[in-house]
Amino acid sequence: MVENRPFLTAFSHFVVLLGVIIIAFPVWMTFVASTHDQQTMLQSPIPILPGGQLIENYTRVITEGYGKVGGVPVWQTLTNSLIMALGVAIGKIAISIIAAFAIVYFRFPLRMTFFWAIFVTLMLPVEVRIVPTYGVVANLGMLDSYSGLIIPLIASATATFLFRQFFLSVPDELTEAARVDGASPMRFFWDILLPMSRTSIAALFVIQFIYGWNQYLWPLLITTKESFYTVVMTVSRQANVVDSVPSWNLLMAMAMLAMIPPVLVVVFMQRQFVRGLVETEK
């Protein structure tokens, strides 16, 4: 029986509302800034209500870009970020699930040694690996290319570990039944394990998509052509111009556009994401 405590109910709603305001207020101010002209944004105090330049600002950054930093249209940087994020997410999931399948269901020498070698890479910060990785990518001629943006990031020890733990929870009777029915290892993987893993795959896809979308350091190192700039790179470069005052209205418009794809991924895959994290029924 749930007790009726009006004070605790009101306090809980207040805490939730306060949290929403704290989180949403910077996003609101970003949107407001993207609807004003540059002169208004340089005045004090900064307005907190939308202005009348919304269509003009968004049309300019989408079609023309930001002239002080090369004039790369936002649609092009968004496309580059989308290709990179999808490539990283799909690549990480594909490699990790196959690696976990091999480690759990095949018996070969040093298999656990290989697994722990993969797991140990979690302890290596990106900064330690980034210089040798850059050298390999440069020697293979993958600078300024989508393959150079994606391939070095598609290995994931975390995803391999999570898939391994899930496969270990699959009943042995299911494996024996598939073997008795004459299913090959890849048939067992494709028809049984893969459908059972769909919620875990969805949860990892959301996480890895956002990880790939928010990449900044790696694209900054390996791209010198504006045609391969990602949207996160472009926003950062625009905010750090040294010869003039940044056009904050255009910068905020680009920031708002940069937030849309990951937000849409989270919204449309929210149910699968939550189920993949909390579901215990196998």
Side-chain angles (χ1 to χ4, degrees), residues 83-126 128-130 132-137 139-140 142 145-213 215 218 265 269 272-282:
I83 293 173
M84 181 178 178
L86 288 175
V88 169
I90 295 173
K92 279 180 176 288
I93 292 172
I95 291 178
S96 299
I97 197 170
I98 293 174
F101 173 66
I103 291 170
V104 173
Y105 290 99
F106 291 85
R107 300 293 182 265
F108 53 89
L110 303 177
R111 67 187 183 92
M112 291 308 299
T113 302
F114 292 137
F115 168 72
W116 287 112
I118 295 172
F119 193 73
V120 165
T121 60
L122 287 173
M123 305 177 186
L124 298 175
V126 176
V128 173
R129 296 178 280 121
I130 203 163
T133 303
Y134 176 84
V136 172
V137 171
N139 291 333
L140 294 176
M142 293 194 300
S145 66
Y146 291 123
S147 59
L149 286 170
I150 296 171
I151 292 177
L153 301 178
I154 60 175
S156 175
T158 303
T160 303
F161 176 77
L162 292 177
F163 280 124
R164 174 183 177 271
Q165 296 305 111
F166 171 77
F167 291 159
L168 288 175
S169 69
V170 175
D172 293 336
E173 292 79 7
L174 193 61
T175 308
E176 292 298 329
R179 185 179 294 112
V180 170
D181 289 342
S184 64
M186 291 310 299
R187 172 69 68 177
F188 173 69
F189 171 77
W190 188 261
D191 290 344
I192 298 177
L193 285 183
L194 203 58
M196 291 178 64
S197 306
R198 62 182 181 272
T199 54
S200 299
I201 292 174
L204 283 170
F205 177 84
V206 173
I207 296 171
Q208 301 301 344
F209 181 90
I210 296 175
Y211 166 81
W213 184 271
Q215 282 296 307
W218 180 247
V265 169
M269 300 190 66
Q272 293 84 350
F273 176 71
V274 173
R275 288 180 59 189
L277 293 181
V278 304
E279 187 177 62
T280 58
E281 183 179 348
K282 308 298 182 188

**Prompt:** Run the side-chain contact (heavy atoms from CB on, under 4.5 Å) check on Leu204 and Thr158 step by step: do they pass?
**Reply:** CA-CA 10 Å; Leu204 283 170; Thr158 303; 5.6 Å; no

With rounding to the nearest 0.5 Å, note down the distance linking [atom1] in [X] to [atom2] in [Y].
X: Ile151; Y: Ser145; atom1: CD1; atom2: OG; answer: 7.5 Å
X: Gln208; Y: Ile154; atom1: CD; atom2: CD1; answer: 11.5 Å
X: Met196; Y: Ile192; atom1: CE; atom2: CD1; answer: 8.5 Å
X: Met112; Y: Ile103; atom1: CE; atom2: CD1; answer: 7.0 Å
X: Ser200; Y: Ile93; atom1: OG; atom2: CD1; answer: 10.0 Å

What is the minimum heavy-atom distance between [X] and [Y], and which atoms define it?
X: Pro152; Y: Val137; answer: CG-CG2, 3.5 Å
X: Phe106; Y: Pro185; answer: CZ-CB, 3.8 Å
X: Thr160; Y: Ala100; answer: O-CB, 3.7 Å
X: Lys92; Y: Ser156; answer: NZ-CB, 3.7 Å
X: Val170; Y: Leu193; answer: CG2-CD2, 4.0 Å
X: Phe188; Y: Leu174; answer: CE1-O, 4.2 Å

Just so I know, are the side chains of [X] and [Y] near enough to count as touching, which here means a heavy-atom distance under 4.5 Å?
X: Phe163; Y: Ile98; value: no
X: Arg164; Y: Phe167; value: no
X: Trp213; Y: Val265; value: no
X: Leu86; Y: Phe205; value: yes
X: Leu149; Y: Tyr146; value: yes
X: Leu153; Y: Met84; value: yes
X: Ile201; Y: Leu194; value: yes

**Request:** Give a yes or no answer on whether the side chain of Trp218 reaches the backbone of Ile130 with a donor-acceptor pair at less than 3.5 Å.
**Result:** no

**Prompt:** Parallel under 30°, tilted from 30 to 60°, perpendicular over 60°: which one fits the rings of Phe101 and Tyr105?
**Reply:**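 Taking Tyr105 first and then Phe101, their aromatic rings sit tilted (interplane angle of 30° to 60°).
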
**Message:** Can you confirm whether more than 12 heavy atoms, excluding those of Arg187, are under 6.0 Å from its CZ atom?
**Reply:**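 Counting neighbours around CZ of Arg187, 12 or fewer heavy atoms of other residues, nucleotides or ligands fall under 6.0 Å, so no.
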
